[in-house]
Amino acid sequence: MRWKMLPESLGPAERQLVAELRLLKDRSGLSLMSLGARTPFSVSSWERYLNGGAVPPTTAVVAFARLAGADAAPLLALRDAAQRSRATPKTALDNSGPARALDEPDPARTVDEPDPARTADDAEHPAPGPSASGGRVRVVALSTAVGAVLLSAAVSVWLIRAPASGTPRGAGTATGGGAGAYTCSYSRHGDLVFAGNSTTTTRLVSLNTTGPEAAEVQCLLLRHRLSPGDVDGYYGDRTAAQVERLQRENHVPADRIVGEQTWALLRHVE
């Protein structure tokens with residue numbers, strides 16, 4: 001479909017988020033009507049999200065990723081960067097009065113205004129005025145904020161383009177097509193928990209699977225206070241038994257296979 005031009009006021013992080021959402025929508029064939037019918041958000045809300053009118057909430061991004069068959073974590077990271085970009089102030093607060101734009105002159109001072117408190121010697125060697133130094137501080141602060149937003153957007157784009165699975169960590173040498181030494185580095189995006197080995201929410205993991213997805217399952221089982229054994233990236237009988245236990249406790253088919261439904265159970269940890 002033909003998309004509207006994005007508002008010029010959008011920052012780079014917001015533009016990248018909208019571009020990724022539009023790309024996923026076009027690839028999946030989802031229409032605005034279907035998004036409105038299959039998610040808790042209205043058609044008009046999706047129009048705003050996909051045209052830069054508003055930053056979508058976390059639950060909207062998760063629902064969109066599920067319908068489009070995409071990993072939610074990279075989109076959530078990009079959504080967080082866009083939210084921070086929108087929250088960055090465009091004016092600086094002067095210590096002596098109300099906020100004004102960075103390039104707005106201070107009406108309380110003029111270039112030739114004399115300072116009666118200065119001595120003759122001070123007049124020969126004037127010190128920088130508080131307005132000038134304050135202006136430099138405000139410019140540096142704004143530059144730092146913009147740089148942080150751009151860096152966050154760049155990292156988020158890299159996550160979008162990177163493969164869904166992670167790589168083994170630690171000193172162990174990977175053997176057997178992906179088994180080895182892994183670590184659990186937990187982070188949270190919205191109501192989803194990630195353990196640092198894979199961001200997938202759909203990839204099937206079954207008996208004798210090896211690699212970062214199996215390690216991710218083991219780490220998330222530990223987070224649920226279950227006992228899969230060593231976090232070695234091998235989906236053996238012990239890990240499968242703990243997955244079956246989690247499935248039974250949550251009344252889903254206890255087939256020992258980690259699919260989309262079981263990934264949702266694993267990643268939703270209180």
Side-chain angles (χ1 to χ4, degrees), residues 1 3 13-14 16-83 156-166 186-206 209 212-214 216-217 219-221 223-224 243 246-247 249-270:
M1 66 175 293
W3 292 102
E14 289 184 82
Q16 188 60 41
L17 173 62
V18 173
E20 294 296 338
L21 292 177
R22 287 179 170 183
L23 180 62
L24 283 175
K25 179 184 177 299
D26 290 342
R27 286 179 176 175
S28 63
L30 292 168
S31 66
L32 290 174
M33 292 295 294
S34 64
L35 286 172
R38 299 171 66 182
T39 69
F41 303 90
S42 65
V43 172
S44 60
S45 294
W46 284 111
E47 286 179 344
R48 290 197 302 273
Y49 302 154
L50 292 167
N51 287 294
V55 176
T58 298
T59 50
V61 174
V62 172
F64 183 89
R66 184 177 64 252
L67 292 176
D71 284 337
L75 290 172
L76 288 171
L78 195 54
R79 182 259 173 204
D80 291 345
Q83 185 66 40
S156 301
V157 172
W158 179 84
L159 287 171
I160 289 285
R161 301 301 184 193
S165 60
Y186 298 105
S187 62
R188 184 180 290 274
H189 292 280
D191 58 351
L192 301 179
V193 172
F194 298 86
N197 295 299
S198 173
T199 61
T200 186
T201 57
T202 57
R203 189 166 298 175
L204 290 178
V205 178
S206 57
T209 295
E213 285 77 24
E216 185 80 359
V217 171
C219 288
L220 293 173
L221 286 170
R223 189 72 177 233
H224 281 271
V243 167
L246 180 68
Q247 291 170 330
E249 289 176 351
N250 289 274
H251 309 290
V252 301
D255 55 7
R256 294 190 167 199
I257 296 174
V258 180
E260 184 173 353
Q261 192 173 23
T262 303
W263 275 118
L265 293 176
L266 288 166
R267 295 206 183 279
H268 284 79
V269 184
E270 296 299 332

Which atom pair, heavy atoms only, marks the closest approach of [X] to [Y]?
X	Y	value
W3	K25	CH2-CD, 3.5 Å
T201	D71	N-OD1, 3.3 Å
R79	P57	NH2-CA, 3.8 Å
H268	L192	CE1-CD2, 3.3 Å
A68	L30	N-CD1, 4.2 Å

Quick one: does [X]'s side chain have a donor or acceptor within less than 3.5 Å of a partner on [Y]'s backbone?
X	Y	value
Q247	D255	yes
R188	V193	no
H224	L265	yes
Y49	V61	no

* To do: Show the numbers, then the answer: is there a salt bridge (charged side-chain N to carboxylate O under 4.0 Å, His left out) between R267 and E216?
  => CA-CA 10 Å; R267 295 206 183 279; E216 185 80 359; 2.8 Å; yes
* Side chain proximity check, L17 to P56, heavy atoms < 4.5 angstrom ->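 Yes, side chains in contact.
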* Asked: Side chains of L50 and L32: closer than 4.5 Å at any heavy-atom pair?
  -> yes
* By side-chain hydrogen bond (donor to acceptor under 3.5 Å, both in side chains) - contacts of N51 (at least two apart) -> R22
* To do: May I ask you to decide if the ring planes of F64 and W46 are parallel, tilted or perpendicular, using 30° and 60° as cut-offs?
  => tilted
